[in-house]
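Here is the structure we will look at.
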Amino acid sequence: MLIRDEIILLLEQALKSAENAGTISSVPNHTVTVEHPNRQEHGNFSSNLPLKIQGLVKIKALDLAKIIIEHIPTHDAVERVEIAPPGFINFFLSDKWVAQQASVIASDDSFGQISITGEKSIQIEYVSANPTGPIHVGNGRGAAIGSSLANTFKFTGYQVQQEYYINDGGTQVLIFGQTLYARYLQLHGNEASLPDNGYPGSYMIDLAQEIKNQYGGDFMEQNNDSVIEQIGMLGIEIMIEGIKNDLKQIGVEFDSWFSEKSLMKENGQYRQIMSILTEKNQITERDGAVWFTSSELGESKDNVLVRSDGTPTYYATDIAYHYEKFIERKFDRVIDIWGADHQGHVSRLKAAIDSVGGNSEGLDVLLYQLVTLRRGDEIVPLSKRAGEIVTLANVVAEVGEDAARYFFLATGANQPMEFDLELAVKQSDDNPVYYIQYAHARISSILDLAVEQKLDSRNANTDLLSDAAEIKLIVSLLLFPEIVERVLSDLAPHHLAHYARELAASFHNFYGQCRVVQIEKPELSSSRLLLLEATRNVLARILGLMGISAPDSM
RNA sequence: GCCUUCGUAGCUCAGGGGAUAGAGCGAGGGUUUCCUAAACCCUAGGCCGCAGGUUCGAAUCCUGCCGAGGGCACCA
């Protein structure tokens with residue numbers, strides 16, 4: 001159990017005990033919380049319980065605090081409890097107990113795994129960029145958030161499936177095929193113009209070249225209607241390989257690639273949701289199109305499911321897709337990670353999920369604000385000339401995998417993010433990601449030295465870990481499970497990045513204050529080596545969760 | 001117009017009911033006969049967009065206003 005939760009328990013027991021003793025009246029339901037105060041003199045944990053319930057028991061908070069602390073049971077970890085105006089109860093952990101935790105953390109690979117209740121199978125769908133072009137910088141943000149979140153869920157014991165939804169159906173893909181075919185014809189010296197709203201990017205020429213290299217003029221000789229579809233599908237396949245490769249560059253690999261087209265089969269999910277909605281009378285025909293009467297469900301308006309030309313909208317296929325997730329694959333919980341430009345889609349999708357028999361409460365949509373790219377003072381336009389975009393691959397090539405992951409992750413999803421290429425590269429020496437990695441490398445280096453000097457942590461005596469810097473470092477380590485908990489409850493992996501930096505700072509400070517390897521003091525050395533092992537465990541873990549490498553030397 | 005996210009140090013961002021608001025970068029100063037100086041320590045820098053309200057207590061919650069991004073398609 002987390003020490004935080006044990007302290008909450010102490011407070012609950014104290015309250016109950018005071019009630020039983022008759023010193024205070026019975027308190028109706030309430031939640032006891034503790035937090036980490038900003039200031040050291042307020043202890044390791046602080047509770048506002050007296051302030052919260054003073055009105056209920058009709059005793060002034062400060063007096064109430066006095067009563068409560070008299071009933072707090074003793075606990076190994078707690079050295080003393082103080083009250084502070086206007087009515088806080090502050091807990092100070094004993095240094096001895098804190099020091100002992102170094103031993104626990106060093107030997108426990110599962111340190112940080114919080115106990116979970118409820119659903120344990122979870123699907124996280126992210127990136128899912130259209131396969132009609134290479135993935136861009138904004139997708140990189142979704143990739144970093146999704147991947148780190150998935151890592152953290154997995155670490156905690158969830159069954160996680162990471163999925164990429166391939167939009168390989170619909171009009172976009174048709175236009176993609178037409179564009180590709182036009183480029184292909186041009187490469188063979190034929191006159192051909194791009195379709196309206198085609199894809200002007202030069203990567204389409206490269207793609208056509210690749211197909212030409214592989215298939216020569218095969219597609220020239222065919223003269224049937226399906227040639228565009230064939231060449232389009234071929235192009236999509238190649239694009240997807242490229243996307244997989246780009247994602248691999250930032251350490252992202254999916255368990256599953258789900259094809260939109262597969263929903264359109266004879267008795268597929270698309271047909272099923274259409275018939276369910278028809279049966280439930282939630283569909284109407286208007287202007288030649290088929291509408292979902294979502295306004296009757298409290299949505300701001302109705303939405304088109306089938307266009308007047310008979311093709312389904314993205315909305316309709318997305319309903320089918322989520323029907324497949326919830327009803328067929330039976331995920332308890334689904335997390336979709338989308339760019340903020342899809343915000344308007346959230347509410348109507350949830351409404352539709354409920355209509356087709358799913359439970360939209362199982363769906364969390366995590367929206368991330370869009371990315372602005374900068375180079376120093378200059379804003380880098382995400383799309384340069386017509387169709388030319390700054391790809392994720394460009395950025396990763398420029399700043400490196402680790403820095404890219406860190407920068408994408410470090411800003412909260414709700415916050416619009418500025419990615420400064422100049423900062424990420426030019427100042428790489430002062431880059432937070434190197435700062436964190438350096439802590440790990442330093443530890444490895446000291447551990448190596450210890451081996452040379454024939455020192456190890458077996459003779460550790462945690463009572464010797466009493467320096468302020470040592471205690472502070474262990475206190476930082478003890479925060480790790482709480483961080484994991486927050487990442488999962490808030491779906492906010494940026495906490496990982498900030499915590500990692502704080503932990504690294506605690507370590508670097510310790511390093512400056514306390515020499516580890518000292519031949520003449522083998523017991524102290526041993527104890528500090530134990531602390532290093534504990535720190536390395538947590539640092540390596542958290543870097544792993546963020547998808548950043550933990551180097552042994554730099 | 002409606003919906004939504006945001007506004008915190010010169011810059012990039014944490015904190016999202018709690019006590020004297022924090023980091024990094026940038027600025028100024030100091031630290032190395034000793035485990036990696038990609039480090040450590042110190043200093044300067046803030047009406048937390050503005051105005052009301054709720055509360056014992058507001059950067060945090062509510063309302064309004066100002067400013068920025070995104071959305072309001074038979075695009076995805």
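Small disclaimer: the values here were computed from a predicted structure and weren't measured. Order of the sequence lines sets the chain letters (A, B, ...), proteins ahead of strands, with each chain counted from 1.
Looking at the side chain of A:Phe88, the nearest of the listed nucleotides B:rC35, B:rG18, B:rC11 is B:rG18. Here the side chain of A:Arg442 is nearest to one of B:rG15, B:rA37, B:rU5, namely B:rA37. Of the listed nucleotides (B:rC6, B:rC11, B:rA19), B:rA19 has the atom at the smallest distance from the side chain of A:Ala84. The A:His342 side chain lies nearest to B:rA76 when the options are B:rC13, B:rA76, B:rC40. If you check B:rU20, B:rC56, B:rC35 against the side chain of A:Gln54, the one that comes closest is B:rC56. Side-chain atoms of A:Arg501 lie closest to B:rG24 of the nucleotides B:rC72, B:rG24, B:rA19. With B:rC56, B:rA19, B:rC6 as the candidates, the nucleotide lying closest to the side chain of A:Asn414 is B:rC6. When each of B:rC13, B:rA38, B:rC35 is scored by its nearest atom to the side-chain atoms of A:Arg515, the top-ranked nucleotide is B:rC35. With B:rA19, B:rC35, B:rA39 as the choices, the nucleotide that has an atom nearest any side-chain atom of A:His508 turns out to be B:rA39. In this structure, of B:rA19, B:rC13, B:rG18, it is B:rG18 that holds the atom nearest to the side chain of A:Leu51.
At B:rA37, one or more side-chain N or O atoms of A:Tyr511 fall inside 4.0 Å of OP1 or OP2 (strictly under the cut-off). Between A:His495 and the phosphate of B:rG15, there is a side-chain N or O to OP1/OP2 separation shorter than 4.0 Å. Listed pair A:Asn167 / B:rA76 fails the phosphate criterion, with no side-chain N or O lying under 4.0 Å from OP1 or OP2. For A:His494 and B:rG15, the shortest distance from a side-chain N or O to OP1 or OP2 is below 4.0 Å. In this model, the phosphate group of B:rC40 is approached by a side-chain N or O of A:Tyr435 to a distance below 4.0 Å at OP1 or OP2. Between A:Gln343 and the phosphate of B:rC72, there is no side-chain N or O to OP1/OP2 separation shorter than 4.0 Å. For the pair A:Thr171 and B:rA76, the criterion of a side-chain N or O lying under 4.0 Å from OP1 or OP2 is met. For B:rA21, neither phosphate oxygen OP1 nor OP2 lies less than 4.0 angstrom from any side-chain nitrogen or oxygen of A:Asn38.
Taking the ring centre of A:Phe45 as origin, the terminal cationic atom of A:Arg4 falls outside the region bounded by 6.0 Å and 45° from the ring axis. Relative to the ring axis of A:Tyr435, A:Arg501 places its NZ or CZ within 45° and under 6.0 Å from the centre.
Here A:Thr411 lies in heavy-atom contact (under 4.0 Å) with sugar-phosphate atoms only. The residue A:Asp552 sits close to a base: some heavy atom pair falls under 4.0 Å. Across all strands shown, A:Glu41 has heavy atoms under 4.0 Å from base atoms, whether or not it also approaches the sugar-phosphate.
A gap of 22 Å separates the C1' atoms of B:rG71 and B:rC65, to the nearest Å. On the P atoms, B:rC48 is 16 Å away from B:rC61, given to the nearest whole Å. With C1' as the reference atom, B:rC50 and B:rG67 are 11 Å apart, rounded to whole Å. Taking the C1' atom of each, B:rC34 and B:rU20 are spaced 39 Å apart, rounded to whole Å. Comparing the P positions of B:rA59 and B:rA51 gives a spacing of 12 Å, expressed to the nearest Å. When the P atom is used for both B:rC25 and B:rA58, the distance is 33 Å, rounded to whole Å. Comparing the P positions of B:rA39 and B:rG45 gives a spacing of 25 Å, expressed to the nearest Å.
The distance from atom NE2 of A:His36 to atom P of B:rA21 is 20 Å, rounded to the nearest whole Å. One can place CG of A:Asn303 at 11 Å from P of B:rC72, the figure rounded to the nearest angstrom. Between A:Leu449 atom CG and B:rC34 atom P the separation is 13 Å, expressed in whole Å. As rounded to whole Å, 14 Å separates atom P of B:rC6 from atom CG of A:Leu370. Separating the CG atom of A:Leu305 from the P atom of B:rA76 is a distance of 12 Å, rounded to the nearest angstrom. Here B:rG24 presents its P atom at 11 Å from OH of A:Tyr406, a figure rounded to the nearest Å. At whole-Å resolution of the value, CD in A:Gln415 and C1' in B:rG16 are 12 Å apart. Across the protein-nucleic acid pair, A:Asp318 atom CG and B:rA76 atom P stand 11 Å apart, rounded to whole Å.
Counted by atom type alone, A:Asp318 and A:His345 present one or more donor-acceptor pairs between their side chains at under 3.5 Å. A:Glu418 and A:Thr372 form no side-chain donor-acceptor contact under 3.5 Å, judged by distance and modelled atom types alone. Under 3.5 Å, the side chains of A:Gln282 and A:Ser355 contain a donor-acceptor pair of N or O atoms.
Taking 3.5 Å as the limit, the base of B:rG70 and the side chain of A:Gln369 contain no donor-acceptor pair of atoms between them. Residue A:Ser46 places a side-chain atom within donor-acceptor reach of the base of B:rA19, judged by atom type and a 3.5 Å distance cut-off alone. With hydrogens and angles ignored, no donor-acceptor pair closer than 3.5 Å exists between the side chain of A:Ser300 and the base of B:rC72. Put simply, the side chain of A:Asn48 and the base of B:rA19 share no donor and acceptor less than 3.5 Å apart.
The partner of B:rG1, taking Watson-Crick or G-U wobble pairs whose two distances both stay under 3.5 Å, is B:rC72. Nucleotide B:rC47: unpaired (no Watson-Crick or G-U wobble partner with both distances less than 3.5 Å). Remark: B:rG67 base-pairs with B:rC6; criterion is Watson-Crick or G-U wobble with both hydrogen-bond distances under 3.5 Å.
The aromatic ring centres of A:Tyr323 and A:Tyr270 sit 6.0 Å or more apart.
With salt bridges taken as basic N to acidic carboxylate O contacts below 4.0 Å, none links A:Lys472 and A:Glu470. One finds a salt bridge joining A:Arg374 and A:Asp420 here, because a Lys/Arg side-chain nitrogen approaches an Asp/Glu carboxylate oxygen to under 4.0 Å.
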